[in-house]
Amino acid sequence: MKQLAPSILSADFGHLAQDVSRVEEGAQLLHIDIMDGHFVPNISFGPAVMKALVGRTNLPFDVHLMIENPDAYLESFVTAQTAYVTVHQEACPHLHRTIQHIKGCGVKAGVAINPATPVSILQPILGDLDLVLIMSVNPGFGGQKFIDFSLDKIRELDTIRNDAGLAFAIEVDGGISLQNAAAVSSAGVDIFVAGSSVFGAEDPGAACGAFQKILGE
Ligand code: DX5
Ligand code: ZN
């Protein structure tokens, strides 16, 4: 089943738990964007804010670490609610070791690649992964436009996955909207991150419902 992961980056941080409760029914995961001001040119929030949501929602956390040296901070993002921790290939010189580190924490391991990073760079470690995140914008900010060639990268990754008989999930993040969700879905995506198109909507719960309708088709 396809899954929707609203990104709290576009939620109202002053009423975070309340905003999250509005997507509880229509989502399967909660996407948590961690930015350090070094790997990406923006700072979001740290583990304390994420931990404040533990027990305030039933949604499992999908943690997206846009930070340098993620190994130094992994444990602080592992909670009873953490399902996935995803690091960036571009931030991990010892990626295989980092993946084992994530798995050793008892959570699922994901690797994200930026728009300019080719899918082929992940080939040696695909068998170790639970999730591959194709960034469809340059990471750092919500509300950017979907980069069209991301669709080719998703199709390429889906073909590799099928040919190799692998089972990792394919996630897409950046510029996902009700307008492009169907095309992105048919390219092979399993998990859809949506920030501004959910939390920027008048009714985030209704926006989730509209996404679910498309993803279920
Ligand atoms: C961007 C973040 C995204 C962001 C997506 O760097 O990784 O998760 O919240 O926001 P939208 O859906 O508005 O592009
Ligand atoms: Zn993200």
Side-chain angles (χ1 to χ4, degrees), residues 2-13 16 19-20 22-23 26-47 49-50 53 59-68 70 73 77 82-92 102 108-117 130-151 153-154 169-185 189-202 204 207-208 210-212 214-215:
K2 310 247 177 191
Q3 297 188 305
L4 181 66
S7 165
I8 61 169
L9 189 65
S10 293
D12 178 352
F13 290 167
L16 192 51
D19 257 17
V20 168
R22 299 169 83 180
V23 301
Q28 286 73 38
L29 293 164
L30 194 65
H31 188 77
I32 314 260
D33 285 308
I34 308 294
M35 304 177 180
D36 66 353
H38 293 275
F39 179 67
V40 288
N42 194 11
I43 299 173
S44 56
F45 50 82
V49 170
M50 188 195 88
L53 290 171
L59 295 174
F61 296 165
D62 172 35
V63 182
H64 179 192
L65 296 181
M66 287 163 275
I67 64 175
E68 288 180 1
Y73 303 97
F77 293 101
T82 306
Y84 292 99
V85 172
T86 295
V87 294
H88 267 264
Q89 183 275 333
E90 301 86 356
C92 297
I102 297 171
K108 291 181 181 169
V111 172
I113 54 171
N114 284 335
T117 302
D130 297 302
L131 177 146
V132 175
L133 170 50
I134 302 289
M135 286 304 303
S136 41
V137 298
N138 290 292
F141 304 93
Q144 302 182 80
K145 190 182 168 311
F146 182 87
I147 296 172
D148 286 327
F149 68 68
S150 312
L151 278 177
K153 293 175 69 179
I154 293 163
I170 300 179
E171 182 173 42
V172 66
D173 184 4
I176 297 299
S177 67
L178 292 170
Q179 286 67 45
N180 62 20
V184 174
S185 182
V189 167
D190 307 292
I191 304 175
F192 296 75
V193 178
S196 49
S197 56
V198 168
F199 286 110
E202 185 95 6
C208 288
F211 268 109
Q212 295 295 349
I214 295 168
L215 304 186

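Because the structure is predicted, anything quoted here is derived from the model rather than measured. As the structure lists them, so they are numbered: ligands from 1, and atoms in each ligand from 1.
With respect to atom 1 (C) of ligand 1, the closest heavy atom belonging to the protein is Phe141 O, 3.5 Å. Closest protein heavy atom to atom 3 (C) of ligand 1: Asp173 OD1, 2.9 Å. Counting only heavy atoms of the protein, atom 4 (C) of ligand 1 lies nearest to Asp33 OD2, 3.7 Å.
Residue contact check: His31 has heavy atoms under 4.0 Å from atoms 8 (O) of ligand 1. Counting atoms of ligand 1 from 1 in the listed order, those under 4.0 Å from a heavy atom of Gly174 are 14 (O). Each of the atoms 8 (O) of ligand 1 lies under 4.0 Å from some heavy atom of Val193. Close approach of ligand 1 to His64 is summarised as follows: ligand atoms under 4.0 Å from at least one heavy atom of the residue are 7 (O). Counting atoms of ligand 1 from 1 in the listed order, those under 4.0 Å from a heavy atom of Met66 are 6 (O), 7 (O). Residue Met35 has at least one heavy-atom neighbour below 4.0 Å for each of these atoms of ligand 1: 6 (O). If you number the atoms of ligand 1 from 1 as listed, the ones under 4.0 Å from a heavy atom of Gly142 come out as 10 (O), 13 (O). Atom numbering of ligand 1 starts at 1 in the shown order; those under 4.0 Å from a heavy atom of Ser196 are 11 (P), 12 (O), 13 (O).
At least one side-chain heavy atom of Glu171 sits under 4.5 Å from a side-chain heavy atom of Asp62. Pro41 places a side-chain heavy atom less than 4.5 Å from the side chain of Phe141. Counting heavy atoms from C-beta on, the side chains of Leu65 and Phe39 never come closer than 4.5 Å.
For the side-chain contact (heavy atoms from CB on, under 4.5 Å) criterion with Pro6, the lone passing option out of Asp19, Leu59, Val23, Val20 is Val23. Of the listed residues (Ile8, Leu9, Leu4, Val193), just one forms a side-chain contact (heavy atoms from CB on, under 4.5 Å) with His31, and that residue is Val193.
Listed here is the closest heavy atom pair of Gly174 and Ser136: O-OG, 2.7 Å.
Checking Gly200, Ser177, Ala112, Gly195 against atom 12 (O) of ligand 1, the nearest heavy atom belongs to Gly195. Remark: among candidates Ser44, Pro6, Ser7, the nearest residue to atom 9 (O) of ligand 1 is Ser7, based on non-hydrogen atoms. Proximity annotation for atom 6 (O) of ligand 1: of Gly140, Ser10, Ala194, Gly140 comes nearest, heavy atoms only.
The Zn ion (ligand 2) forms the vertex of an angle spanning ND1 of His64 and OD1 of Asp33; to the nearest 10 degrees it equals 90°. Geometry note: the Zn ion (ligand 2) is the vertex, His31 NE2 and Asp173 OD2 are the arms, and the angle is 100° (rounded to 10 degrees).
Under a 4.0 Å heavy-atom criterion, Gly175 is in contact with ligand 1.
In this structure, the separation between CD1 on Ile176 and OG on Ser150 is 8.0 Å, given to the nearest 0.5 Å.
Between Phe45 and Phe13, the gap from one ring centroid to the other is short of 6.0 Å.
The 12-atom threshold is not exceeded at NZ of Lys108, counting heavy atoms of other residues, nucleotides or ligands nearer than 6.0 Å.
When atom types are taken as modelled, the side chain of Asn114 and the backbone of Ala116 share no donor-acceptor pair closer than 3.5 angstrom.
Under the 30°/60° scheme for interplanar angles, the aromatic rings of His88 and His64 are found to lie parallel.
Annotation: Gly143 places an N or O atom under 3.5 Å from an N or O atom of ligand 1; distance criterion only.
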